[in-house]
Amino acid sequence: MEYDFKAIEKKWQAKWAAEGTFKAKEDASKPKYYVLDMFPYPSGAGLHVGHPLGYIASDIFSRYKRLKGFNVLHPMGYDAFGLPAEQYAIQTGQHPEKTTTDNIARYRQQMDRIGFSYDWDREVRTCDPKYYHWTQWAFLKMFGSWYDTDMQKARPIEELAAIFEKCGNASVKAACTDGDSFTAEQWKAFSEKEKSDALMRYRIAYQGETSVNWCEGLGTVLANDEVKDGLSVRGGYPVEQKKMTQWQLRVSAYAGRLLSSLDTLEWTDSLKEMQKNWIGKSEGTEVVFNVESGEKTVPVTIFTTRVDTIFGVTFMVLAPESDLVAELTTPEQKEAVEEYIKQVKKKTERERIAETKSVTGVFSGAYGINPLTGEKIPVWISEYVLAGYGTGAIMAVPAHDSRDYAFARKFDLPIIPIIEGCDVSEQSFDAKEGKMCNSGFLNGLDVKVAIETAKDYVEEKGLGRRKTNYRLRDAIFSRQRYWGEPFPIYYKDGIPTPLPESELPLELPEIESFKPAANGEPPLARAKDWTYNGYPLEKSTMPGFAGSSAYYLRYMDPHNGEALVDKDVNAYWRNVDLYIGGTEHATGHLIYSRFWNKFLFDLGYVCEDEPFRKLINQGMIQGRSNFVYRVVGTNTFVSLGLKDQYETTEIHVDVNIVYNDKLDLEAFKAWRPEFADAEFILENGEYVCGYAIEKMSKSMYNVVNPDLICDTYGADTLRLYEMFLGPIEQSKPWDTKGIDGVNRFLKKFWRLFYDRDQWIVSDEKATAEELKVLHKLIGKEQSDIESFSYNTTISAFMIALNDLTALKCTKKEILEPMVVLLSPFAPHITEELWEALGHTESVTYATFPEYIESYTVENTCTYAVSFNGKTRFTVDLPKDMSKEDVEAKVRAMEQTAKYTEGLNIVKVIVVPGKIVNIVVK
RNA sequence: GCCUUGGUGGUGGAAUGGUAGACACGAGGGACUUAAAAUCCCUUGGCCCGAAAGGCUGUACGGGUUCGAGUCCCGUCCGAGGCACCA
């Protein structure tokens, strides 16, 4: 019987589905392990060979953990709301639900072929009302909460209202939007609308005016992480800054916690670093400058991390969008300022980025007074100061800040150095080093000391206070789209009012066209009777990250109609132990999810503070494109090695008709009608193609479909090959050459069991040498899998196979454990062999083989060399090293011992598996 | 500019500070076969000598630490990813 992967894979996939082999159930008698993939957005193109990389890795780990006795939760679902389906709908009229369902069916089909061990009963789709019920529910909870910065947690909004009732808002320490303070009496006298507005400033999900990324091309606002280089990530349309009233999530309230608890996570340093940068903590000082504009004096608060440089301040700058601009501009400067503001507004985000180096600005006419020196300094307006960060106003120290320096040079403002010996004739001196000068009481201090001294001074004199700022902004939460979760909010006499929880889910209404409505309103304005109790419902929908922020919780209890997740169920599964996905979500999904989880944690709905304990970023699979070279003006194609002798054009050729860079000539002729009569100039009888590493995309003809690999080599080969390609974290091109290697391995493995039709496994007792091969493999697999080094594990299998073949070993005692060891990687072939070995239950329920103690000892060599009880060297020797080799090794170290310590080795005591003790004199 | 990574044969890639290049691909040679496929065996970093054994050199570059460095430290060059007027 030959290895017939087609029949085997079909048989076992059907069996797994029929028997529910991978169903997960809460089971207190077993430790749990939760392995999660980032669920895919089901796009129309289907899966290519790059998508399953992470899924295969996580599947191997899940299967491995099951063998190790864990109760594994390994679910899959779909991030099904999103722009592409809606844009497709606008173009074709096809309902996004239809497109999405079709795409999901296709994805499922493709995934099923690869033999994943998902518990499909737990599948979630973010666009399913039963699912988005809980997305809407979470939003209501956020709407109904505020963030107490003293307690550092979210609290119900009713408690805040009670505080207002008693003592107004002056003493409340909360994360909130700026606004007026009011007393208890004023609060009581507020109208309904005024009360609503006041509370809105504190809610965690709130409505507020803010500068947003408006994308005209998509007709919607976008979050910061949905914009890159001034263009929308989806679609690549230009994005501009615009002030609009939008729903927002007060993510910034959690900035401190999001930053500090990063330390508790097993994530890569680079990913943590990205999140740190995105959160952008900076500790500085707010200082109040009185600004004189004509007759009036206005206090202006600025933020700086370098108060120590306050004696070097020569001007101040306001952001163009700052409210202070209108207030401070003098009548003489009014025209110039307005013209400047107009210019700034006209620019798109992209243009602003492109012009980063050009310096613009205008004088406001006002003068600020340096609170330490009493000196009068001009107040300018420039776009290099951002309204959204700090206070939107800065003190400028051109001698020690490069941006201020450029500005001062352009507008000819004074530059006063305040650090001894620094040269500011060409550029500013930004480093925090040196001794202070020209700085009154700070003179002579080291810069680092001066920073603290100045902070203390400012606080003591009541000129300002220490302040920590974060770059992390609140997330814009509404989108002017159709294909998303509707907000469970209606407007009662203009007051945003939450829908009762009993009304959830608020289902997306049917509409005839998905285009924005006539007056620029979102598509939901087209819905008939989009009201609640006669009041209008909110017309925007939630963004893509809404549905993906808590999906890992829903998998725990996907059919619960009463709660997002049952408390006991949550207490069992807790959080995700291993999360595998791409790095592109570093500043989006992974921040929002952590925020969302922390919020639910505060309210006691979940038991863990962090959602994803360990995270692995799988690399991208890049395309490997092939080229043919057409001789200009002919239909003749010249092979790579000879192309320099001709004038040629390079043409992408479908990689599926190229094998090991050799072109299949007949397939090429059949590929395109215009190539039907192509002629070739060959080298050594073959046509060699050129290649390049590019993104995998249709237009480069370098897309490899996993189905095709499953057809020709089988799913087990695909799985092994994707893992054999290299470390999971690394990006690498897909290159089908080499796949034969792992395919050969499987065929050879099969032949350990079958010689043609003959079952050749014997019950003979294994020899020590044979056991050694097995135990070497067990050790290697155990340590490598835990560190996700799958490529070396597979190598270890190949070595073991070669060894066993050389030993002509076909003994059950060896082969049976090997089947178990291989099963996470190649589940289908191993199931078949497991059955042939006489087992009736799936190999999934097998137990990971253990070392036999005697072999463990004999094969483990972790040596340290110690002199007089003090460890001097550690030497690790291969586990399979023979005793003679070990002794030779130790003899070599004798030289070392003599040289470094002047000692002579008297006796070497080698205790396998223990520390080597060397007796010296 | 800042942060994070990485640089090893023809290729993908192995090497807790301890025999660099495991394993695989490709390539070359051979066996089986009328032939091909499949399968199996041998060689395969470079250079030198040789019948064999062997020797020298070699992990981007330049220094350093160490008995010993692909690995640790400093500097330089190049690649990848992220952030970018964040005061």
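Bear in mind the structure is a predicted one, so any value in this text is a computation, not a measurement. Just so we're on the same page: letters track the sequence lines, and every chain starts at 1.
- Residue-level contact check: A/Lys467 touches neither bases nor backbone, having no heavy atom under 4.0 Å from any strand.
- Among the atoms of the strands shown, only primed sugar atoms or phosphate atoms (P, OP1, OP2) are found under 4.0 Å from some heavy atom of A/Leu725.
- B/G9 has its base syn relative to the sugar, with a glycosidic angle deviating from 0 by at most 90°.
- As judged by a 4.0 angstrom heavy-atom cut-off over every strand, A/Pro727 is placed among residues touching the sugar-phosphate backbone only.
- B/A22 is unpaired under the criterion used here, namely a Watson-Crick or G-U wobble arrangement in which both key atom distances are under 3.5 Å.
- In this structure, B/G70 forms no base pair with any nucleotide, since neither Watson-Crick nor G-U wobble geometry is met with both distances under 3.5 Å.
- With a cut-off of 3.5 Å on both pairing distances, the Watson-Crick or G-U wobble partner of B/C56 is B/G46.
- Comparing the P positions of B/C42 and B/C49 gives an interatomic distance of 28 Å, to the nearest angstrom.
- Using a 4.0 Å cut-off between a side-chain N of Lys or Arg and a carboxylate O of Asp or Glu, A/Glu283 and A/Lys455 do not qualify as a salt bridge.
- Rounded to whole Å, the separation between the C1' atoms of B/G79 and B/A20 comes to 23 Å.
- B/A51 is unpaired under the Watson-Crick or G-U wobble criterion, no partner having all donor-acceptor distances under 3.5 Å.
- Residue A/Asn802 is in sugar-phosphate contact alone, with no base atom involved, counting any heavy-atom pair closer than 4.0 Å across all strands shown.
- Between the P atoms of B/U65 and B/C73, the separation comes to 15 Å (whole Å).
- Base contact: A/Arg473 has a heavy atom under 4.0 Å from a base atom.
- Comparing the C1' positions of B/G70 and B/A22 gives a spacing of 15 Å, expressed to the nearest Å.
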